[in-house]
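Reading through the structure tokens given below for one structure.
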Amino acid sequence: MRMVDLIEKKRDGKELTTEEINFIIEGYTKGEIPDYQVSAFSMAVFFKDMTQRERADLTMAMVNSGDTIDLSAIEGVKVDKHSTGGVGDTTTLVLAPLVAALDVPVAKMSGRGLGHTGGTVDKLEAVAGFHVEITNEEFVKLVNEHKIAVIGQSGNLTPADKKLYALRDVTATVDSIPMIASSIMSKKIAAGADAIVLDVKTGAGAFMKTLDGSKDLARAMVGIGNNVGRRTMAVISDMSQPLGAAIGNALEVQEAIDTLKGHGPKDLEDLCLALGSQMVFLAGKASSLEDAENKLREVIANGKALDKFRDFLANQGGDASVVDHPERLPQAAYKIEVPAPRSGVVSEIVADEIGVAAMWLGAGRATKESEIDLAVGLMLNKKVGEAVQEGESLVTIHANSEDVANVKAKILAAISIADSAEAPTLIYGTII
Ligand code: URA
Ligand code: CA
């Protein structure tokens with residue numbers, strides 16, 4: 001087989017065989033096929049797309065390029081949730097204990113990563129003593145006994161994806177549905193998921209800015225999952241403005257606790273119920289999505305979800321008393337209000353700009369070497385569609401420095417106030 005022939009075949013819009021796709025991915029991972037040929041191939045895929053079968057084959061070729069996590073020692077259907085990313089997305093912190101309270105096994109491998117705030121692991125480390133450095137044996141034991149554990153990332157997962165994603169980044173071929181979908185799905189499958197729930201964000205703060213693009217991506221990922229024997233569902237949700245009120249590490253832990261108590265922000269709660277219903281249903285713990293949602297509401301109301309969160313924190317060395325004493329979470333030295341420049345209705349809160357403001361405060365990492373300040377962040381006091389009086393606080397800045405003039409200016413530039421505005425739709429649809 002020659003790579004040049006396969007580039008030509010895709011360039012001409014033909015369907016590649018499983019063997020041909022394996023040849024490309026194996027050859028590229030081993031360094032036998034050079035970047036310039038894979039660049040040309042990626043551009044051909046960008047223009048000519050891939051069939052469902054090719055997408056599934058590409059995904060599995062990337063899964064098989066490195067280590068895979070074996071979760072077979074854990075009883076039950078392991079459902080993983082993935083979000084395509086956004087600002088202030090506290091869903092994982094809420095969903096993990098929430099579905100575990102219904103005996104859905106949550107065996108989560110989580111990383112730190114770059115971004116506006118830390119990753120799930122950083123957020124959880126805002127709880128004193130909590131750690132994810134546990135052995136595989138402890139991890140399996142915790143999930144079997146308590147239905148929930150988080151372990152730090154390990155192993156050489158999907159090296160083909162790492163190499164291909166980096167190449168796509170510099171060859172203008174990131175924005176290709178078959179390649180984005182196979183990239184994301186390969187990582188979830190390699191991490192051992194039996195079933196996958198996807199939260200595909202749409203809007204200014206999302207990877208996919210348009211609703212049509214987000215729907216196409218969701219359909220592509222659901223298609224791949226179901227094709228390779230991993231039941232997959234997706235929710236398309238708004239990321240034009242940040243989700244919930246909190247953007248920051250300790251602040252989001254507190255927001256998650258509030259939500260598990262049943263008095264979190266409405267948008268965060270609604271999205272967690274939608275995603276959680278799919279997780280519970282796919283795990284076989286409910287007869288329908290509606291039944292699943294009722295069960296989730298029940299464990300919030302009777303305190304079982306909150307108990308599960310306490311349990312989870314304590315099992316991994318964390319101070320579970322923060323659940324009842326949130327003031328024991330890291331606190332910033334200064335709380336600085338950002339007053340509304342005029343009266344009216346909030347009409348826009350540009351999610352990624354707000355995210356940048358949080359990062360400037362120190363809530364997230366700009367580079368792998370940056371240190372995170374777990375205490376700092378932003379609390380949105382008004383969301384799109386809410387009325388505000390001139391001088392009333394739009395946002396509370398939680399900072400460890402009094403000098404936040406640049407952060408304030410960034411926030412004010414990201415928020416618009418008009419004479420009237422509607423709250424955006426939160427959930428644009430589900431794909432099953
Ligand atoms: N996120 C991924 O993990 N892969 C892509 O290709 C795009 C976004
Ligand atoms: Ca939030």
Side-chain angles (χ1 to χ4, degrees), residues 62-63 65-74 78-85 89-97 99-100 104-159 161-162 165 183-194 196-197 248-250 252-253 256 308-320 322 329-330 362-375:
M62 295 204 289
V63 169
S65 72
D67 300 339
T68 55
I69 308 285
D70 179 7
L71 298 178
S72 58
I74 295 171
K78 277 73 70 182
V79 188
D80 204 355
K81 191 245 4 165
H82 177 81
S83 152
T84 60
D89 186 355
T90 317
T91 53
T92 301
L93 292 179
V94 178
L95 281 169
V99 305
V104 175
V106 176
K108 193 135 192 85
M109 209 174 65
S110 225
R112 295 173 195 281
L114 304 176
H116 307 118
T117 63
T120 299
V121 171
D122 297 294
K123 290 176 190 175
L124 287 166
E125 282 177 354
V127 177
F130 186 91
H131 64 96
V132 296
E133 291 80 20
I134 55 177
T135 64
N136 285 334
E137 291 69 36
E138 280 176 276
F139 178 63
V140 168
K141 189 162 176 277
L142 282 174
V143 183
N144 278 334
E145 285 176 8
H146 300 272
K147 299 298 168 194
I148 180 169
V150 176
I151 189 168
Q153 241 142 26
S154 67
N156 176 32
L157 300 192
T158 60
D161 172 63
K162 283 195 188 79
Y165 197 3
S183 167
I184 293 173
M185 291 301 284
S186 69
K187 286 177 276 219
K188 290 285 122 181
I189 293 166
D194 298 319
I196 299 157
V197 170
N249 299 281
E252 288 188 46
V253 172
K308 187 56 78 177
F309 193 54
R310 279 195 193 90
D311 213 24
F312 163 55
L313 294 177
N315 288 340
Q316 298 195 221
D319 173 11
V322 297
L329 287 165
R365 284 186 189 85
T367 71
K368 264 191 291 192
E369 287 70 35
S370 330
E371 286 268 343
I372 283 190
D373 184 339
L374 294 168

Review point. For Val150, does its backbone N or O pair with a side-chain atom of Gln316 as donor and acceptor, under 3.5 Å?
Key: yes
Review point. Roughly how far, to the nearest 0.5 Å, is the CE atom of Met62 from the NZ atom of Lys187?
Key: 8.0 Å
Exercise for review: Identify the two heavy atoms, one from Ala193 and one from Asp80, that lie closest to each other, and give their separation to 0.1 Å.
Suggested key: CB-CB, 3.7 Å
Practice item. Go through the side-chain N and O atoms of Ser183 and Asp161 and say whether any donor and acceptor fall under 3.5 Å apart. Key: yes
Practice item. Please name all residues satisfying side chain to side chain contact (heavy atoms under 4.5 Å, CB included) with Asn136, sequence neighbours left out, ordered by chain then number. Key: Ile151
Review point. What's the verdict on side-chain contact (heavy atoms from CB on, under 4.5 Å) for Lys123 and Leu93, showing C-alpha distance, side-chain angles and the deciding distance?
Key: CA-CA 8 Å; Lys123 290 176 190 175; Leu93 292 179; 4.0 Å; yes
Exercise for review: Scan for salt bridge (charged side-chain N to carboxylate O under 4.0 Å, His left out) pairs involving residues 136-147, sequence neighbours excluded, and state none if there are none.
Suggested key: Lys141-Glu145
Study note, to complete from the structure: The ring pair (Phe, Tyr, Trp, His ring centres under 6.0 Å) partners of Phe312 (sequence neighbours excluded) come to Phe130
Check your understanding: Is a side-chain donor or acceptor of Lys78 paired with a backbone partner of Ile74 at a separation under 3.5 angstrom?
Key -> yes
Check your understanding: Does the side chain of Leu157 come within less than 4.5 Å of Thr68's, by heavy atoms?
Key -> no
**Study point:** 4.5 Å side-chain heavy-atom contact, Val99 and Val79
**Key:** no
Point to revise | Side-chain donor-acceptor contact under 3.5 Å, Asn249 with Thr117 | key: no
Exercise for review: For Ser186 and Val63, work out which heavy atoms get closest and say how close.
Suggested key: O-CG2, 3.6 Å
Exercise for review: Begin from the C-alpha positions of Val253 and Leu374 and carry the test side-chain contact (heavy atoms from CB on, under 4.5 Å) through to its verdict.
Suggested key: CA-CA 10 Å; Val253 172; Leu374 294 168; over 6 Å; no
**Study point:** Candidate pair His82 and Val197, rule side-chain contact (heavy atoms from CB on, under 4.5 Å), full reasoning
**Key:** CA-CA 6 Å; His82 177 81; Val197 170; over 6 Å; no
Point to revise | 4.5 Å side-chain heavy-atom contact, Ile148 and Leu142 | key: no
Practice item. Provide the closest heavy-atom pair for Leu71 versus Phe139 in the form atom of the first, atom of the second, distance. Key: CD2-CE2, 4.1 Å
Practice item. Measure across Pro105 and Val143 and return the closest heavy-atom pair with its distance rounded to 0.1 Å. Key: CB-CG1, 3.9 Å
Point to revise | Side chain to side chain, Val94 and Thr92, heavy atoms closer than 4.5 Å | key: no
Check your understanding: Nearest heavy-atom pair of Lys81 and Lys108: which atoms, and what distance?
Key -> O-NZ, 3.5 Å
Point to revise | Under 3.5 Å donor-acceptor, Asp67 side chain and Asn156 backbone | key: yes
**Study point:** Closest non-hydrogen atom pair between Pro330 and Ala250, with its separation
**Key:** O-CB, 3.7 Å
**Study point:** Chi angles and distances behind the side-chain contact (heavy atoms from CB on, under 4.5 Å) call for Phe309, Val127
**Key:** CA-CA 12 Å; Phe309 193 54; Val127 177; 5.7 Å; no
Check your understanding: Is a donor on one side and an acceptor on the other found under 3.5 Å between the side chain of Asp311 and the backbone of Ala320?
Key -> no
Review point. Quick one: does Glu252's side chain get under 4.5 Å of Asp89's, heavy atoms only?
Key: no
